Amino acid sequence: MVHDSSARSHDPLTAAEDWLAGGRKVALATVIETWGSAPRPAGSHLAISEDGDFEGSVSGGCVEGAVVAEAIEVIETAEPKVLEFGVADETAWRVGLSCGGRIRVLVEPFG
Amino acid sequence: MDRTLLHGLNEARASRRGAVTVATERHGVQQLLLEGEIPGDALGQAAGKALRTGKASSVEIDGETLFLNAYVPPVRFVVIGAVHITQALAPMARAAGYELEIIDPRGAFATPDRFPDVTLHAEWPQDVLADDPLDAYTALAAITHDPKIDDPALIAALQADCFYIGALGSRKTHGRRVERLTEAGFDDAAIGRIDAPIGLDIGAANPAEIAVAILAQMIAAFRRRGSESAR
(Lines give C-alpha, C1' and ligand atoms only; values in the text may rest on other atoms or scores of the structure.)
Protein backbone atom coordinates (compact mmCIF):
# COMPACT_ATOMS: atom_id res chain seq x y z
CA MET A 1 0.00 0.00 0.00
CA VAL A 2 2.08 2.98 1.12
CA HIS A 3 5.37 1.25 0.40
CA ASP A 4 6.19 0.55 -3.16
CA SER A 5 3.73 2.09 -5.55
CA SER A 6 5.68 5.25 -6.39
CA ALA A 7 9.13 3.63 -6.15
CA ARG A 8 8.06 0.77 -8.38
CA SER A 9 7.50 2.86 -11.45
CA HIS A 10 11.15 3.95 -11.25
CA ASP A 11 12.51 0.53 -10.39
CA PRO A 12 15.37 -0.60 -12.67
CA LEU A 13 14.71 -4.33 -12.33
CA THR A 14 11.02 -3.90 -13.13
CA ALA A 15 11.91 -1.70 -16.10
CA ALA A 16 14.41 -4.31 -17.31
CA GLU A 17 11.78 -7.04 -17.24
CA ASP A 18 9.26 -4.82 -19.03
CA TRP A 19 11.77 -3.96 -21.76
CA LEU A 20 12.72 -7.62 -22.23
CA ALA A 21 9.05 -8.57 -22.46
CA GLY A 22 8.68 -5.92 -25.17
CA GLY A 23 11.40 -7.63 -27.21
CA ARG A 24 14.20 -5.16 -26.46
CA LYS A 25 17.73 -6.12 -25.50
CA VAL A 26 18.75 -4.93 -22.04
CA ALA A 27 21.86 -4.61 -19.87
CA LEU A 28 22.12 -4.18 -16.12
CA ALA A 29 24.80 -2.10 -14.42
CA THR A 30 25.45 -2.78 -10.73
CA VAL A 31 27.77 -1.00 -8.31
CA ILE A 32 29.96 -3.83 -6.97
CA GLU A 33 32.51 -1.86 -4.97
CA THR A 34 32.88 1.63 -3.53
CA TRP A 35 35.69 3.60 -1.92
CA GLY A 36 35.45 6.91 -0.17
CA SER A 37 32.34 9.02 -0.47
CA ALA A 38 30.63 7.18 -3.30
CA PRO A 39 27.17 8.58 -3.98
CA ARG A 40 25.33 5.26 -4.31
CA PRO A 41 26.03 2.12 -2.28
CA ALA A 42 27.16 -1.26 -3.61
CA GLY A 43 24.20 -3.12 -5.05
CA SER A 44 22.65 -0.07 -6.75
CA HIS A 45 21.32 -0.75 -10.25
CA LEU A 46 20.99 1.06 -13.54
CA ALA A 47 19.08 -0.78 -16.28
CA ILE A 48 19.79 0.20 -19.88
CA SER A 49 17.90 -0.76 -23.05
CA GLU A 50 19.57 -1.23 -26.43
CA ASP A 51 18.04 2.03 -27.64
CA GLY A 52 19.45 4.01 -24.74
CA ASP A 53 16.53 4.21 -22.28
CA PHE A 54 17.68 3.86 -18.72
CA GLU A 55 16.22 3.57 -15.24
CA GLY A 56 17.90 3.67 -11.84
CA SER A 57 21.24 5.08 -10.77
CA VAL A 58 24.80 4.00 -10.02
CA SER A 59 26.22 7.39 -9.09
CA GLY A 60 23.45 9.93 -8.72
CA GLY A 61 24.12 11.30 -12.18
CA CYS A 62 27.92 11.70 -12.35
CA VAL A 63 28.78 8.79 -14.61
CA GLU A 64 25.46 7.48 -15.91
CA GLY A 65 26.12 8.77 -19.42
CA ALA A 66 29.34 6.79 -19.72
CA VAL A 67 27.72 3.67 -18.23
CA VAL A 68 24.86 3.86 -20.73
CA ALA A 69 27.33 4.09 -23.64
CA GLU A 70 29.31 1.11 -22.35
CA ALA A 71 26.12 -0.85 -21.69
CA ILE A 72 25.03 -0.55 -25.31
CA GLU A 73 28.36 -2.09 -26.28
CA VAL A 74 27.87 -4.86 -23.70
CA ILE A 75 24.47 -5.60 -25.24
CA GLU A 76 26.14 -5.93 -28.67
CA THR A 77 29.00 -8.18 -27.52
CA ALA A 78 26.88 -10.05 -24.92
CA GLU A 79 29.95 -10.07 -22.64
CA PRO A 80 29.91 -8.66 -19.09
CA LYS A 81 32.39 -5.89 -18.36
CA VAL A 82 33.65 -4.12 -15.24
CA LEU A 83 34.00 -0.32 -15.33
CA GLU A 84 35.88 1.78 -12.84
CA PHE A 85 35.20 5.43 -12.14
CA GLY A 86 37.05 7.76 -9.83
CA VAL A 87 38.33 11.27 -9.52
CA ALA A 88 38.58 12.44 -13.10
CA ASP A 89 42.35 12.78 -13.38
CA GLU A 90 43.03 9.37 -11.86
CA THR A 91 41.34 7.37 -14.56
CA ALA A 92 41.24 7.09 -18.30
CA TRP A 93 37.63 8.17 -18.17
CA ARG A 94 36.57 11.63 -19.13
CA VAL A 95 33.90 11.59 -16.52
CA GLY A 96 34.49 11.33 -12.84
CA LEU A 97 32.97 11.49 -9.44
CA SER A 98 33.35 15.05 -8.24
CA CYS A 99 32.82 13.85 -4.68
CA GLY A 100 36.23 12.17 -4.77
CA GLY A 101 34.87 8.68 -4.36
CA ARG A 102 35.60 5.70 -6.55
CA ILE A 103 33.25 2.99 -7.76
CA ARG A 104 33.43 -0.23 -9.74
CA VAL A 105 30.44 -1.11 -11.86
CA LEU A 106 29.61 -4.51 -13.34
CA VAL A 107 27.70 -4.24 -16.61
CA GLU A 108 26.07 -7.44 -17.83
CA PRO A 109 23.65 -8.34 -20.59
CA PHE A 110 20.40 -10.21 -19.95
CA GLY A 111 20.37 -13.62 -21.57
CA MET B 1 21.73 -12.49 -15.80
CA ASP B 2 19.25 -14.92 -17.17
CA ARG B 3 15.82 -13.40 -17.73
CA THR B 4 14.05 -16.19 -15.85
CA LEU B 5 16.30 -15.36 -12.89
CA LEU B 6 15.29 -11.70 -13.21
CA HIS B 7 11.65 -12.75 -13.22
CA GLY B 8 12.16 -14.86 -10.08
CA LEU B 9 13.91 -11.96 -8.36
CA ASN B 10 11.12 -9.53 -9.26
CA GLU B 11 8.51 -12.02 -8.04
CA ALA B 12 10.32 -12.37 -4.72
CA ARG B 13 10.49 -8.59 -4.35
CA ALA B 14 6.82 -8.13 -5.23
CA SER B 15 5.79 -10.74 -2.66
CA ARG B 16 8.04 -9.17 0.02
CA ARG B 17 10.35 -12.18 0.20
CA GLY B 18 14.07 -11.62 0.88
CA ALA B 19 16.46 -12.62 -1.94
CA VAL B 20 20.19 -12.67 -2.64
CA THR B 21 21.85 -12.79 -6.06
CA VAL B 22 25.31 -14.24 -6.61
CA ALA B 23 27.49 -12.78 -9.38
CA THR B 24 31.00 -13.09 -10.74
CA GLU B 25 32.75 -10.32 -12.62
CA ARG B 26 33.28 -12.57 -15.63
CA HIS B 27 29.77 -13.96 -15.97
CA GLY B 28 27.46 -11.59 -14.13
CA VAL B 29 24.62 -12.86 -11.92
CA GLN B 30 24.65 -16.66 -11.81
CA GLN B 31 22.37 -17.62 -8.97
CA LEU B 32 19.30 -16.51 -7.03
CA LEU B 33 18.89 -17.56 -3.40
CA LEU B 34 15.46 -17.07 -1.87
CA GLU B 35 14.81 -16.61 1.80
CA GLY B 36 13.70 -19.86 3.36
CA GLU B 37 15.70 -21.88 0.82
CA ILE B 38 19.20 -20.69 1.62
CA PRO B 39 21.70 -23.56 1.99
CA GLY B 40 23.88 -24.04 5.07
CA ASP B 41 27.21 -23.92 3.22
CA ALA B 42 29.72 -21.06 3.16
CA LEU B 43 27.81 -19.30 0.40
CA GLY B 44 24.54 -19.70 2.28
CA GLN B 45 26.07 -18.23 5.43
CA ALA B 46 27.34 -15.22 3.52
CA ALA B 47 23.92 -14.86 1.88
CA GLY B 48 22.20 -15.03 5.28
CA LYS B 49 24.44 -12.26 6.55
CA ALA B 50 23.69 -10.15 3.46
CA LEU B 51 19.96 -10.54 4.11
CA ARG B 52 20.29 -9.57 7.76
CA THR B 53 22.39 -6.48 7.08
CA GLY B 54 20.72 -5.61 3.79
CA LYS B 55 24.19 -4.81 2.41
CA ALA B 56 25.78 -5.98 -0.81
CA SER B 57 29.36 -7.26 -0.54
CA SER B 58 32.03 -9.40 -2.15
CA VAL B 59 33.07 -12.68 -0.56
CA GLU B 60 35.84 -15.12 -1.38
CA ILE B 61 34.60 -18.71 -1.59
CA ASP B 62 36.75 -21.59 -2.90
CA GLY B 63 39.20 -19.12 -4.41
CA GLU B 64 36.49 -17.30 -6.34
CA THR B 65 35.31 -13.75 -5.68
CA LEU B 66 31.54 -13.61 -5.57
CA PHE B 67 29.43 -10.47 -5.41
CA LEU B 68 26.34 -10.92 -3.26
CA ASN B 69 23.51 -8.44 -3.66
CA ALA B 70 20.79 -8.40 -1.02
CA TYR B 71 17.16 -7.52 -1.74
CA VAL B 72 15.43 -6.93 1.57
CA PRO B 73 11.76 -5.91 1.57
CA PRO B 74 11.12 -2.57 3.25
CA VAL B 75 10.07 -2.93 6.87
CA ARG B 76 6.41 -2.37 7.62
CA PHE B 77 5.89 -1.08 11.17
CA VAL B 78 2.31 -1.43 12.40
CA VAL B 79 1.29 0.12 15.69
CA ILE B 80 -2.02 -0.85 17.25
CA GLY B 81 -3.10 2.17 19.25
CA ALA B 82 -3.21 5.88 18.41
CA VAL B 83 -2.04 6.74 21.90
CA HIS B 84 0.41 9.16 23.51
CA ILE B 85 3.36 6.76 23.05
CA THR B 86 2.52 6.54 19.34
CA GLN B 87 2.61 10.33 19.00
CA ALA B 88 6.22 10.26 20.21
CA LEU B 89 7.08 7.10 18.28
CA ALA B 90 5.94 8.24 14.82
CA PRO B 91 8.53 11.04 14.34
CA MET B 92 11.28 9.00 16.01
CA ALA B 93 10.64 6.02 13.76
CA ARG B 94 10.63 8.25 10.70
CA ALA B 95 13.98 9.78 11.72
CA ALA B 96 15.41 6.26 11.99
CA GLY B 97 14.09 5.36 8.52
CA TYR B 98 10.93 3.46 9.46
CA GLU B 99 7.49 4.75 8.48
CA LEU B 100 4.85 3.47 10.81
CA GLU B 101 1.16 2.98 10.24
CA ILE B 102 -1.40 3.18 13.00
CA ILE B 103 -4.52 1.10 13.52
CA ASP B 104 -7.03 2.11 16.19
CA PRO B 105 -10.80 1.69 15.84
CA ARG B 106 -11.39 4.53 18.31
CA GLY B 107 -11.99 7.43 15.97
CA ALA B 108 -11.32 9.99 18.69
CA PHE B 109 -7.73 8.75 18.99
CA ALA B 110 -6.87 8.07 15.35
CA THR B 111 -7.14 11.62 13.99
CA PRO B 112 -4.89 13.37 11.46
CA ASP B 113 -4.59 16.28 13.92
CA ARG B 114 -2.85 14.05 16.41
CA PHE B 115 -0.84 12.20 13.74
CA PRO B 116 0.08 14.48 10.84
CA ASP B 117 1.57 12.69 7.82
CA VAL B 118 1.09 9.21 9.30
CA THR B 119 -0.95 6.42 7.69
CA LEU B 120 -3.99 6.04 9.95
CA HIS B 121 -6.67 3.37 9.97
CA ALA B 122 -9.61 4.20 12.28
CA GLU B 123 -10.80 0.60 11.98
CA TRP B 124 -10.48 -2.71 13.79
CA PRO B 125 -7.12 -4.45 13.30
CA GLN B 126 -8.71 -7.64 11.95
CA ASP B 127 -10.44 -5.64 9.20
CA VAL B 128 -7.34 -3.71 8.15
CA LEU B 129 -5.09 -6.77 8.30
CA ALA B 130 -7.49 -8.91 6.27
CA ASP B 131 -7.05 -6.47 3.37
CA ASP B 132 -3.32 -5.94 3.91
CA PRO B 133 -1.87 -8.99 5.69
CA LEU B 134 1.14 -8.90 7.97
CA ASP B 135 4.32 -10.73 6.94
CA ALA B 136 7.80 -11.67 8.18
CA TYR B 137 9.13 -8.16 7.37
CA THR B 138 6.51 -6.52 9.53
CA ALA B 139 6.96 -5.32 13.10
CA LEU B 140 3.85 -5.03 15.23
CA ALA B 141 3.51 -3.14 18.49
CA ALA B 142 0.18 -3.49 20.31
CA ILE B 143 -0.14 -0.66 22.80
CA THR B 144 -3.83 0.14 23.32
CA HIS B 145 -4.04 -1.66 26.69
CA ASP B 146 -7.38 -3.01 25.48
CA PRO B 147 -7.44 -6.77 24.77
CA LYS B 148 -10.43 -6.34 22.43
CA ILE B 149 -8.18 -4.29 20.14
CA ASP B 150 -4.71 -5.72 20.86
CA ASP B 151 -5.46 -9.46 20.88
CA PRO B 152 -6.71 -9.88 17.29
CA ALA B 153 -3.60 -8.01 16.06
CA LEU B 154 -1.24 -10.09 18.20
CA ILE B 155 -2.85 -13.28 16.91
CA ALA B 156 -2.44 -12.10 13.30
CA ALA B 157 1.21 -11.18 14.01
CA LEU B 158 1.97 -14.61 15.48
CA GLN B 159 0.32 -16.33 12.52
CA ALA B 160 2.28 -14.18 10.04
CA ASP B 161 5.59 -14.72 11.87
CA CYS B 162 6.27 -10.99 12.17
CA PHE B 163 9.95 -10.37 12.98
CA TYR B 164 8.96 -8.25 15.97
CA ILE B 165 5.86 -8.48 18.14
CA GLY B 166 5.61 -6.27 21.20
CA ALA B 167 2.73 -5.78 23.62
CA LEU B 168 2.28 -3.10 26.22
CA GLY B 169 1.23 -4.01 29.73
CA SER B 170 2.55 -5.04 33.11
CA ARG B 171 3.64 -8.59 33.83
CA LYS B 172 0.24 -9.17 35.40
CA THR B 173 -1.56 -7.88 32.30
CA HIS B 174 0.69 -10.03 30.15
CA GLY B 175 -0.05 -13.06 32.34
CA ARG B 176 -3.75 -12.72 31.54
CA ARG B 177 -2.87 -12.22 27.86
CA VAL B 178 -0.84 -15.45 27.89
CA GLU B 179 -3.88 -17.27 29.30
CA ARG B 180 -6.10 -15.93 26.53
CA LEU B 181 -3.60 -16.80 23.79
CA THR B 182 -3.12 -20.28 25.22
CA GLU B 183 -6.89 -20.75 25.12
CA ALA B 184 -6.80 -19.55 21.51
CA GLY B 185 -4.44 -22.46 20.75
CA PHE B 186 -0.94 -20.90 20.79
CA ASP B 187 1.87 -22.82 22.50
CA ASP B 188 4.55 -21.39 24.79
CA ALA B 189 7.10 -21.05 21.97
CA ALA B 190 4.70 -18.94 19.91
CA ILE B 191 3.59 -16.79 22.84
CA GLY B 192 7.25 -16.41 23.83
CA ARG B 193 7.80 -14.50 20.59
CA ILE B 194 5.87 -11.59 22.08
CA ASP B 195 8.08 -9.02 23.78
CA ALA B 196 6.16 -8.04 26.90
CA PRO B 197 6.37 -5.82 28.77
CA ILE B 198 7.19 -4.01 25.54
CA GLY B 199 10.50 -2.23 24.89
CA LEU B 200 14.12 -2.58 25.91
CA ASP B 201 14.56 -2.31 29.66
CA ILE B 202 15.97 1.21 29.90
CA GLY B 203 13.83 2.25 32.85
CA ALA B 204 11.60 4.32 30.56
CA ALA B 205 9.58 6.74 32.69
CA ASN B 206 7.27 8.52 30.23
CA PRO B 207 5.63 7.99 26.83
CA ALA B 208 8.56 9.38 24.82
CA GLU B 209 11.05 7.17 26.64
CA ILE B 210 8.81 4.14 26.15
CA ALA B 211 8.79 5.04 22.43
CA VAL B 212 12.62 5.00 22.44
CA ALA B 213 12.58 1.59 24.14
CA ILE B 214 10.08 0.18 21.59
CA LEU B 215 11.95 1.59 18.58
CA ALA B 216 15.30 0.25 19.82
CA GLN B 217 13.81 -3.19 20.48
CA MET B 218 12.21 -3.28 17.03
CA ILE B 219 15.49 -2.29 15.34
CA ALA B 220 17.43 -4.90 17.33
CA ALA B 221 14.93 -7.57 16.30
CA PHE B 222 15.24 -6.52 12.65
CA ARG B 223 19.02 -6.35 12.50
CA ARG B 224 19.51 -9.63 14.36
CA ARG B 225 16.73 -11.62 12.74
CA GLY B 226 17.79 -15.10 11.66
CA SER B 227 20.98 -14.95 13.71
CA GLU B 228 21.55 -16.99 16.86
CA SER B 229 21.67 -13.93 19.06
CA ALA B 230 18.20 -12.90 17.89
CA ARG B 231 16.62 -13.19 21.29
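We name chains A, B, ... by the order of the sequence lines, and we start the count at 1 in each one. All figures in this text were calculated on a predicted structure; none of them were measured in a lab.
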*Flag the pair B:Arg193 and B:Asp161 as a salt bridge only when some basic side-chain nitrogen lies within less than 4.0 angstrom of an acidic carboxylate oxygen.*
yes
*asked:* Taking the basic N atoms (NZ, or NE/NH1/NH2) and the acidic carboxylate oxygens, is any pair closer than 4.0 Å for A:Arg24 and A:Asp53?
replied: yes
*B:Leu5, B:Asp2, B:Leu6: which one forms the most heavy-atom pairs within less than 4.5 Å of chain A?*
B:Leu6
*Does B:Arg17 come within less than 4.0 Å of B:Glu37, counting only side-chain N to carboxylate O?*
yes
*asked:* Can a donor-acceptor pair be found, under 3.5 Å and without considering hydrogens, that links the side chain of B:Arg3 to the backbone of A:Gly111?
replied: yes
_Interchain contact, B:Leu68 with chain A, by part (heavy-atom threshold 4.5 Å)_ = neither
*Pairwise side-chain contact, B:Val72 with B:Leu51, heavy-atom cut-off 4.5 Å (strictly under)*: yes
*Identify which part of A:Val31 has an atom lying under 4.5 Å from any heavy atom of chain B, answering side chain, backbone, both or neither.*
backbone
*With distance as the sole test, does B:Gln126 use its side chain to make a donor-acceptor pair with the main-chain N or O of B:Pro152 at under 3.5 Å?*
no
*Under 4.5 Å from a heavy atom of chain B, the part of A:Ala21 involved*: neither
*Which region of A:Ile32, side chain (C-beta onward) or backbone (N, CA, C, O), has a non-hydrogen atom less than 4.5 Å from a non-hydrogen atom of chain B, or is it both or neither?*
both
*Taking the side chain from B:Thr138 and the backbone from B:Leu134, do they hold a donor-acceptor pair closer than 3.5 Å?*
no
*Within residues 72-82 of chain A, residues adjacent to chain B where the heavy-atom gap is under 4.5 Å*: A:Pro80, A:Val82
*asked:* Checking an interface table here. Which of residues 19-32 of chain B come within a heavy-atom distance under 4.5 Å of chain A?
replied: B:Ala23, B:Thr24, B:Glu25, B:Arg26, B:His27, B:Gly28, B:Val29
*asked:* Measuring centre to centre across the rings, with the benzene-like ring taken for any Trp, is B:Phe163 within less than 6.0 Å of B:Phe222?
replied: yes
*Using atom types as modelled and distance alone, determine if a side-chain donor or acceptor of B:Asp195 lies under 3.5 Å from a backbone N or O of B:Ile198.*
no
*Please state whether the side chain, the backbone, both or neither of A:Leu13 comes within less than 4.5 Å of a heavy atom of chain B.*
both
*Does the B:Thr86 side chain pair with the main chain of B:Gly81, one donor and one acceptor, at a distance under 3.5 Å?*
yes
*Give the member of B:Ser57, B:Pro73, B:Ala56 that has the highest number of heavy-atom pairs under 4.5 Å with chain A.*
B:Ala56
*Just wondering, are more than 12 heavy atoms of other shown residues or ligands nearer than 6.0 Å to CG in A:Asp51?*
yes
*Any ion pair linking A:Glu33 and A:Arg104 (charged N to carboxylate O, less than 4.0 Å)?*
yes
*Charged N to carboxylate O under 4.0 angstrom, B:Asp135 versus B:Arg76?*
no
